[in-house]
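Report on one structure; see the data block that follows.
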Amino acid sequence: MLDHLLKQKSGPFTEDLVQEPGNFGLGKIPSRLAPASTVTSICGYCATGCQLKLHLDESGQAINLSPQANYPVNLGMACPKGWQALDPLDATDRGTTPLLRDPATGKRRAVDWATAVDTFVNKFNGVQKKHGRDSAAFLSTGQIPFEEMAFLGLLWKSGMGFLHGDANTRQCMATAVTAYKQSFGFDAPPYTYADFEESDVIILSGSNLCIAHPILWQRIMRNKRSPEIIVIDPRATETAQAATQHVPLKPKGDLALYYAIAHCIIRDGRTDAGAIAKTEGFAEFASFTKDYTPHSVAERTGLTAETIEKLARTVSEPGKRVSWWWTMGINQSHEGVRAAQAMINLALITGNIGKPGTGANSITGQCNAMGSRLFSNTTSLVGGHDFAIDEHRQKVATGLDIPLEHIPSEPSLAYDEILHAAEQGKIKALWIVATNPFHSWIDSGRLAALRDKLEFLVVQDMYHSTESAEVADLYLPAAGWGEKSGCLINSERRLATIKPVRKAPGQTLTDFRIFRLLANAWGCGELFKDWTDPESAFCLLRDLTKDRPCDITGIESYDHLDQAGGIQWPFPKNGDSQSPSSTPANERRLFESGQFYTKSGKANLLFSRPDELPEAPDKSYPFLLLTGRGTSSQWHTQSRTSKSDILQKLYPAEAYVEIHPRDAKRLGILNNQPITLSSRRGEMKASAYLAPTVQPGQLFLPMHYPEVNRLTHPSFDPHSRQPNYKAAAVKISL
Ligand code: SF4
């Protein structure tokens with residue numbers, strides 16, 4: 001069948017199927033790697049971006065690894081996931097061939113790539129012809145190199161002519177993206193990791209850094225300035241217990257708290273006049289915060305007025321370097337954008353931005369969330385551009401040699417809107433790439449019902465056994481980290497490379513090669529004739545960034561990135577003291593000049609009144625459920641980390657729920673007793689773990705177990721459309 005396709009639509013990619021048996025995903029191992037006994041690669045889990053040193057045998061296959069000693073991010077350290085990064089490649093449930101569901105039997109059967117590609121093209125083509133460009137969508141990831149993300153986004157929109165696609169970074173970083181864009185004029189996390197070591201006051205808000213980003217916690221431990229470490233979190237997390245100060249506010253009391261802190265600082269004249277001159281909206285913000293006295297927010301935050309007054313003094317101490325850091329406790333909220341901007345406002349009005357040890361700093365989740373933000377062609381037009389700006393569309397069209405009319409002028413529906421459209425029968429077909437929404441999406445029970453409405457579901461993943469792959473009509477086996485090359489961008493905007501160090505199993509292909517095959521079969525291969533391999537794609541994408549805040553035109557090649565120890569954006573060609581061949585400074589932060597990316601060059605102070613919890617506890621569902629990372633040894637839905645025996649030993653196999661001992665006593669619950677948790681949407685079993693880490697009336701479930709999202713409440717931040725995973729009303733039954 002593929003022969004037929006290839007004859008009909010001869011294009012540049014016929015060589016994709018002509019590879020050595022057993023080496024389908026890897027392609028040829030670069031000869032420059034062959035004689036080496038080690039090669040470096042960035043870890044493919046979290047956005048810390050640690051560099052690992054892979055130890056190779058004579059055939060270039062990795063046999064072991066160790067953390068890279070002199071890399072400016074991890075400085076010789078790695079967390080358990082990094083140390084065991086090779087384990088998931090050997091799993092027995094790796095896909096080795098495409099699988100197609102037989103409608104008659106409902107069972108999946110192995111098919112060759114020709115049949116898989118033929119089916120993919122026929123199904124999506126049929127849906128498009130019948131229902132138009134809005135009738136299908138892709139859902140992708142922050143876990144693959146950005147060259148692959150860009151290829152997918154451009155293939156889907158400019159090649160295949162569809163409009164909607166989003167990434168699971170919506171679950172992770174959309175709030176920070178929107179907050180930065182609105183406040184700074186561009187999605188620009190301002191910091192560098194050295195700021196952890198140079199702060200006098202470090203505020204971690206909704207961040208369990210000790211286990212979510214353990215290497216970054218180690219960076220704090222290297223701080224020689226004896227910093228005050230303040231953790232603002234309802235739960236006494238591992239990080240809160242290790243901090244100098246834990247502020248146990250009520251869930252989602254953060255926005256009112258930050259406005260009250262701003263109230264105190266402005267009232268007491270502890271602002272920085274020079275810094276305020278570089279902002280817009282200070283008078284309005286000062287007037288707004290007048291109502292937020294510490295006493296007025298005491299009930300909402302669960303904190304005393306004295307605690308708030310003290311916090312306000314600590315974060316505005318003259319001469320002190322104060323840095324604000326946040327992760328999912330802020331991002332995954334019904335009002336996360338305003339909460340993030342409330343911290344941005346505090347950093348701005350106290351002059352804590354653009355200097356060592358300062359900043360309003362979002363720490364990213366996935367290894368390539370920043371790559372997705374700049375290059376996935378979902379929310380933003382590829383290369384940090386805007387679909388709505390004609391000049392940007394023209395620049396991308398010219399730079400990539402794509403007809404202008406093939407670049408949409410409107411953005412995609414967001415993730416939740418795509419799924420809602422599928423529920424309504426408007427979206428008929430979905431293509432899921434390297435993500436597992438049937439486990440990870442909020443209120444996941446809705447996905448099962450939605451599945452029946454879809455005419456066609458494709459899942460492209462390393463494993464055929466994820467909750468999402470199991471229900472797909474077509475499964476495409478993809479190579480994973482360690483089996484391909486490309487670039488990742490970490491939380492501090494550092495680009496660095498990953499390398500192929502293992503042969504992918506069976507007929508597995510890299511995502512990049514799958515996109516090439518599909519482009520050719522669809523008949524749009526000519527548009528991507530220059531996308532011959534990831535590094536060629538990198539060069540095209542790099543050149544597109546010219547004159548954008550994320551300009552990386554000074555990066556010559558993958559080798560340049562490797563030799564420089566990764567490079568933080570921006571890195572323009574012939575930029576200030578940055579010739580293309582120079583080694584950039586290892587640590588660079590933004591806004592040192594006081595200029596922001598807005599039209600006026602000033603940062604915007606943005607704010608609005610806090611909303612009520614979308615689903616507060618009541619008589620029927622009296623507990624508030626918090627969710628979050630449970631361990632540094634597991635990653636998200638455990639698709640990969642569950643394949644490592646060592647990582648599995650570091651974490652309970654079955655779900656557990658943290659409950660305050662007082663609540664447990666009242667309900668007659670013993671430690672380790674099985675209990676049932678239910679919300680208005682579903683239920684699950686878990687064993688009780690009695691711990692004063694949660695406050696009375698609250699429960700905590702680690703997110704890694706597939707049942708957890710049966711309970712979560714489908715509410716979303718109105719600005720970012722990020723799901724609110726952290727607050728749902730539940731009850732306990734025995
Ligand atoms: Fe580093 Fe994150 Fe990988 Fe752990 S998972 S080694 S912290 S990049």
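Each ligand, and each atom within it, is numbered from 1 in the order the structure gives. Nothing here was measured: the structure is a model prediction, and the numbers come from that model.
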Near [X], which atoms of ligand 1 are under 4.0 Å from a heavy atom of that residue?
{"X": "G82", "value": "6 (S)"}
{"X": "G49", "value": "8 (S)"}
{"X": "Y45", "value": "5 (S)"}

### Query
Would a 4.5 Å heavy-atom cut-off, applied to side chains only, mark P189 and M370 as touching?
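Side chain of P189 against side chain of M370, heavy atoms only: contact under 4.5 Å found.
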### Message
Using ring centroids (six-membered ring only for Trp), state whether Y558 and F538 fall under 6.0 Å.
### Response
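For F538 and Y558, the ring centres are under 6.0 Å apart.
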### Message
With rounding to the nearest 0.5 angstrom, report the CD to OH distance, Q171 to Y415.
### Response
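Those atoms lie 5.0 Å apart.
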### Stepwise side-chain hydrogen bond (donor to acceptor under 3.5 Å, both in side chains) check, Q68 with T40
CA-CA 8 Å; Q68 178 71 346; T40 59; 6.0 Å; no
Starting from [atom], find the nearest protein heavy-atom neighbour and note its residue, name and distance.
{"atom": "atom 1 (Fe) of ligand 1", "answer": "C50 SG, 2.3 Å"}
{"atom": "atom 2 (Fe) of ligand 1", "answer": "C46 SG, 2.3 Å"}
{"atom": "atom 3 (Fe) of ligand 1", "answer": "C43 SG, 2.3 Å"}

### Task
Measure from atom 4 (Fe) of ligand 1 to each N, O or S atom of C79 and report whether any distance is below 2.8 Å.
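Short answer: yes, at least one N, O or S atom is under the cut-off.
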### Message
Between R629 (side chain only) and P702 (backbone N and O only), is there a donor and an acceptor less than 3.5 Å apart?
### Response
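Checking the backbone N and O of P702 against the side chain of R629, no donor-acceptor pair under 3.5 Å is found.
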### Query
With a 4.0 Å cut-off on heavy atoms, does N74 reach ligand 1?
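No.
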### Query
Does a side-chain N-to-carboxylate-O contact under 4.0 Å join D562 and K499?
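Here D562 pairs with K499 in a salt bridge, since their nearest N and O are under 4.0 Å apart.
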